[in-house]
2 protein chains.
Amino acid sequence: MALEHALLVALREQPASGLDLAKRFGRSIGFFWHATHQQIYRVLARMDADGWVEVTEVAQTGRPDKKVYAVTAAGERVLADWLAEPTPMEPLRSELAVKLRGASYGDRQAVLDVVRANLADHHARLAHYEQLEKRDHGQPETLTGHDLDTYLVLRGGIRLERFWVEWLTEYLHAHRSRPARSPKDQER
Amino acid sequence: MALEHALLVALREQPASGLDLAKRFGRSIGFFWHATHQQIYRVLARMDADGWVEVTEVAQTGRPDKKVYAVTAAGERVLADWLAEPTPMEPLRSELAVKLRGASYGDRQAVLDVVRANLADHHARLAHYEQLEKRDHGQPETLTGHDLDTYLVLRGGIRLERFWVEWLTEYLHAHRSRPARSPKDQER
DNA sequence: CTTATCATGTAAGCAGTTACATGATTCC
DNA sequence: GGAATCATGTAACTGCTTACATGATAAG
């Protein structure tokens, strides 16, 4: 379970409310982690009870109050300890990969359409990430500390999207080279 | 939820018992899906109740009986329908990525050690997959149908491990080029 | 006047992990 | 005699998702 620790990292970058965090998890941190606001609220409440974070209620004009969370000294210790722990290799769990493998047990063309749709999504994301790279990280050679880490995680996002684009392209290409005998033929 | 469908794919390849499936999920299918035997037993029981699979009790000499599951006609239909459904882009959830991003909030050297350990694991897996490719798929140009799909999913496993190796190598290299001022310095 | 955004939460349920249990057999 | 493998399962728990609820303001 690492949502706690992902939240600690996010809050050390910048104290924030639950909804702020949910939004950030849809952006930069979201390259490799995702969480809904409900889950974030629950975990935040637990972390507060455990003394890892502290809350400041902030009144806003024309908007509901918000609870801004910040990491406590105890939370900093928890995070530092976790960072030094070994992380076991996590197995990827991909529904699309199961479909690629099982394509011959259904309508092949329909699966290829699903693959094409996913390929388009990954292309779009890759373009978006590459734009972020150009916009936010002008001269990466000069970066150090946390700024360097942020950049390198974005690099990971880019590399991951390239992995998807290349793999799905290979899949489509391999099946284009070996079409069904007749266009409307069902495989068997 | 796709474990059901992953099991349907596995059982269409070859009818099997719960433990057989658990073992297979540690191998080829395991490139992109993983499940423990307890989870498999539970899902298998539900699929049996739903009429997606049927059980044959097989007596064995010197071993406990086993229940061999096979996909029913209804199960085949469920699988075919699912294969044609669009699959939303799934966000990757990586604990290691969180550590990369948060490294400056702990002992940087300890995190680099964690990264090195993971890099070694991914190197080993990559070598293993490449060996499988060489051993099981001599001339890939000749493959068609399900054999081609199996090969292409293995290709995905190889590409994914390369992604990890390249990304983690980039991370280590970037931090080797920008060392702490003094060897025992703590970052801040 | 409706929709979207800000902001926080409750409730119900499913998916998945971890620990434990059983009972026989084969290997060392 | 002890450990490992084959084979199936129960029980307890955690993590996470989905649906729903509230109540205000800003934008179209």
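Throughout, protein chains are lettered first and strands after them, A, B, ... in sequence-line order, and every chain is numbered starting at 1.
Sorted by first then second residue, the ring pair (Phe, Tyr, Trp, His ring centres under 6.0 Å) pairs that include residues 90-122 of chain B, not counting sequence neighbours, are A:His146-B:Tyr105, B:His122-B:Trp164.
The pair B:Asp149-A:Arg108 counts as a salt bridge, with a side-chain nitrogen and a carboxylate oxygen less than 4.0 angstrom apart. Between A:Glu90 and B:Arg93, none of the side-chain N atoms (NZ, or NE/NH1/NH2) sits under 4.0 Å from a carboxylate O, so this pair counts as no salt bridge.
With sequence neighbours excluded, no residue forms a side chain to side chain donor-acceptor pair (under 3.5 Å) with B:Asn118. A search for side-chain contact (heavy atoms from CB on, under 4.5 Å) contacts involving B:Glu57 returns B:Asp65, B:Lys67, not counting sequence neighbours. Under the rule for a ring-ring contact (aromatic ring centres under 6.0 Å, His included), A:Tyr69 has no partner lying at least two apart in sequence or in another chain.
Proximity of B:Lys134 to B:Gln131: side-chain heavy atoms (C-beta onward) are nowhere separated by under 4.5 Å. Between A:Glu133 and A:Tyr151 the shortest side-chain heavy-atom distance falls below 4.5 Å.
In this structure, B:Lys67 reaches the D:dG9 phosphate: one of its side-chain N or O atoms is under 4.0 Å from OP1 or OP2. Neither OP1 nor OP2 of D:dC16 sits under 4.0 Å from any side-chain N or O of A:Thr36.
Relative to the axis of its first five pairs, the axis of the last five pairs of the helix from C:dC1-D:dG28 to C:dC28-D:dG1 sits at 30°, rounded to 10 degrees.
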N/O to N/O distances under 3.5 Å, protein versus nucleotides 10-13 of chain C:
none

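Here the side chain of A:His37 is nearest to one of C:dG9, D:dG9, D:dC16, namely C:dG9.
If B:Arg93 and B:Lys66 are placed on DNA chain D by their nearest nucleotide, the residue sitting closer to the 5' end is B:Lys66.
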